[in-house]
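Every chain is numbered from 1 and lettered A, B, ... according to where its sequence line falls, protein lines coming before strand lines.
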Amino acid sequence: MIEPRTLKGFRDHLPAQALARERILDVARRVYRSYGFAPIDTPALEYLEILTGKGSEETDKQLYRFTDHGGRQVGMRFDLTVPFARFCAQHIATLGTPFKRYHMATVWRGENTQRGRYREFMQCDFDTIGTTSPVADLEMVLVVHDLLRAIGIERFTICVNDRRVLGGVLEVLGLTGRSTEVLRSLDKLGKATPEAVAEELGGHGLPSEAVGRLLGMAQLAGPAADVLAKIEPLVAGSATGQAGVAALRALMAGATAAGVPGERLAVDPSIARGLDYYTGIVLETFLDELPTLGSICSGGRYDNLAGLYTKQALPGVGASLGIDRLLAGLEELGRLSAVETPADVFLVFFDETRLADYLRIAAALRAAGMAVEFFPEAKRVGQQLKIAAKRGVPAALLVGSDEFVAGTAQFKHLATQQSTTIDWHGDLNVLVDAVHSLIVSH
RNA sequence: GUGGCUAUAGCUCAGUUGGUUAGAGCACUAGAUUGUGAUUCUAGGGGUCGCGGGUUCGAGUCCCGUUAGCCACCCCA
């Protein structure tokens, strides 16, 4: 016997989890479309050269790569942004700009696993490319906000920053060009103590005064307007830094105008994002009840998405929902439903001689838009009801020999065990309408 | 990729300084109840103790390796 098992970091999805996943995917699709983002898809496998050298060397290490049967060096996509860059280089001429797309697909990363971190997971990206308009930046925040609310999450914080703010501070301090290492160290705030981060920055050879100012900036918190007011003097004299502060200010104003509550949107100067290609606004989203889970929705603005593949400059802005991490979080919070079936009604197979009648009833209910599970065996009624209840079907429809004679049916809510008798006199339309209204009413 | 913790039935866990046929609750199957599930009773199935070596008269228990999960680093969804 071969031991049934799955690879490290790769998972099966049982119905309860798969249903939750599909529900979130449906919501994301609906929200993205509501802003006019159009769906695209790209291959899971790309030429290796397309994928390497785009992100950091870290992403190159995490890439699943192999030689295909034709001797080609290929890799599996580790995000949806790089394939999108290639996609744009090939197709932007026919698509035109600005172009808005969403892409929900599986990606693979050969890194070590942890809670909410898998080797195979799904991302739900949306991007607007071909425009530098701050409206697109604002829309990104609005989409993230709408999305989480539509999923049913109320307590979350979208943390925004602008890469140019840190760039400006470094410029003022005479440390231009040191941004990568500084970003990485500052990003540890929240996990490591400020002292440890200060020590690490000092280890990079930064003067202690600079370390103090960087830490002071990164630890700013509170209402966005206050944070921005405190950042402003730190970037005095740097056009770049001032542009960043202005962009954040405009973003906050726009979000407020669009109805995003202030407590869900924060300016957090320590948000850096590891990916090198971000150049403007960056964003990370955390569940208030589970901040250690990490960001469940991240993104930002980039100057030139496809510079490696085309001469046409394609600025853009976009973000990605990490649905698998979010699901891990919702599960931990006990927010996932245990229902294992999409069925609305469980039709009990009562009387074997009435099979044709059951098939007719099931067909009529389905035609009216209801999901019907008709049990395939004329087993004991108690057992059928037990199975239905265990799977979480909301209601059962029982039509036995006596009911057929009387022209009735029993509609039973499985959670409450309450039965309602339906008089349908053999008229399927009456039965369907009755079942439909009983389902809706509960 | 590096380090730490963990691994016993489908699930949650007992298992005493190594000592006979490894237990419990829940779940599952069948019956009591030939047409109504979460209660009750009865019976039953299910574990090569993650896997592979070693020490020992004897290993679920000790040692080494390995795989997987969790945690930290790194990075990130």
Test item: side-chain donor near acceptor, [X] and [Y], under 3.5 Å:
X: A:Asp351; Y: A:Ser401; value: yes
X: A:Gln90; Y: A:Arg86; value: yes
X: A:Arg33; Y: A:Tyr102; value: yes
X: A:Thr6; Y: A:Asp12; value: no

Distance, [atom1] atom - from [M] to [N], rounded to whole angstrom:
N: B:A9; M: B:G58; atom1: P; answer: 26 Å
N: B:C5; M: B:G10; atom1: C1'; answer: 25 Å
N: B:A59; M: B:U16; atom1: C1'; answer: 16 Å
N: B:C73; M: B:U55; atom1: P; answer: 41 Å
N: B:G19; M: B:A38; atom1: P; answer: 42 Å
N: B:C74; M: B:C62; atom1: P; answer: 34 Å
N: B:G65; M: B:G4; atom1: P; answer: 10 Å
N: B:U48; M: B:G53; atom1: C1'; answer: 15 Å

Watson-Crick or G-U counterpart of [N], or none if no pair lies under 3.5 Å:
N: B:U17; result: none
N: B:C41; result: B:G31
N: B:A22; result: none
N: B:C5; result: B:G69
N: B:C62; result: B:G54

Measuring from the side chain of [X] (C-beta onward, heavy atoms only), which nucleotide among [options] has the closest atom?
X: A:Gln114; options: B:C71, B:C75, B:C76; answer: B:C71
X: A:Thr113; options: B:G37, B:G35, B:G69; answer: B:G69
X: A:Lys8; options: B:G69, B:C71, B:C75; answer: B:G69
X: A:Gln417; options: B:U36, B:C75, B:G37; answer: B:G37

**Study point:** B:A77 pyrimidine/purine six-ring stacking with A:Phe121, under 5.5 Å and 30°
**Key:** yes
Taking [atom1] from [X] and [atom2] from [N], how many angstroms apart are they, rounded to a whole number?
X: A:Arg119; N: B:G1; atom1: CZ; atom2: C1'; answer: 10 Å
X: A:Leu290; N: B:C71; atom1: CG; atom2: C1'; answer: 15 Å
X: A:Leu293; N: B:A77; atom1: CG; atom2: C1'; answer: 9 Å
X: A:Trp108; N: B:C76; atom1: CH2; atom2: C1'; answer: 17 Å
X: A:Lys61; N: B:C75; atom1: NZ; atom2: P; answer: 10 Å
X: A:Glu111; N: B:C74; atom1: CD; atom2: C1'; answer: 9 Å
X: A:Glu331; N: B:C11; atom1: CD; atom2: C1'; answer: 14 Å
X: A:Phe375; N: B:U36; atom1: CZ; atom2: P; answer: 16 Å

**Study point:** Minimal non-hydrogen separation, A:Thr113 against A:Gly9, with atom names
**Key:** CG2-CA, 3.4 Å
Taking any heavy-atom pair under 4.0 Å as a contact, classify [X]: base, sugar-phosphate, or nothing.
X: A:Leu398; answer: base
X: A:Ala328; answer: nothing
X: A:Glu403; answer: base
X: A:Gly9; answer: sugar-phosphate

Practice item. Test side-chain hydrogen bond (donor to acceptor under 3.5 Å, both in side chains) on A:Gln73 and A:Thr67 and set out the steps. Key: CA-CA 5 Å; A:Gln73 295 295 304; A:Thr67 306; 2.8 Å; yes
Review point. Between A:Phe10 and A:Tyr118, is a ring pair (Phe, Tyr, Trp, His ring centres under 6.0 Å) present by the stated rule, with each step listed?
Key: CA-CA 7 Å; A:Phe10 290 71; A:Tyr118 311 100; 10.0 Å; no
Practice item. Using only heavy-atom distances, decide whether a donor-acceptor pair under 3.5 angstrom links the side-chain of A:Arg5 to the base of B:A68. Key: no
Check your understanding: Is a donor-acceptor pair below 3.5 Å formed from side chain A:Arg115 to base B:C71, judging by atom type as modelled?
Key ->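 Absent.
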Review point. Is there a side-chain contact between A:Glu46 and A:Val74 (heavy atoms, below 4.5 Å)?
Key: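 The answer is no; the side chains never approach within 4.5 Å.
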Practice item. Verify whether the ring centers belonging to A:Phe349 and A:Phe375 lie closer than 6.0 Å. Key: no
Review point. Where along residues 379-391 of chain A does a heavy atom come under 4.0 Å from RNA chain B, residue by residue in number order?
Key: A:Arg380, A:Val381, A:Gly382, A:Gln383, A:Leu385, A:Lys386, A:Ala389
Point to revise | Closest-nucleotide 5' rank along RNA chain B - winner of A:Gly294 and A:Ser419 | key: A:Ser419
Check your understanding: Starting at the 5' end of RNA chain B and moving along, which residue's nearest nucleotide shows up first, A:Leu414 or A:Asn112?
Key -> A:Asn112
Check your understanding: Is there any side-chain hydrogen bond (donor to acceptor under 3.5 Å, both in side chains) pair reaching into residues 136-152 of chain A, and which pairs are they, with sequence neighbours excluded?
Key ->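 Pairs touching residues 136-152 of chain A that pass the test: A:Tyr35-A:Asp146, A:Lys100-A:Glu139, A:Asp137-A:Arg301, A:His145-A:Arg264, A:Arg149-A:Glu154.
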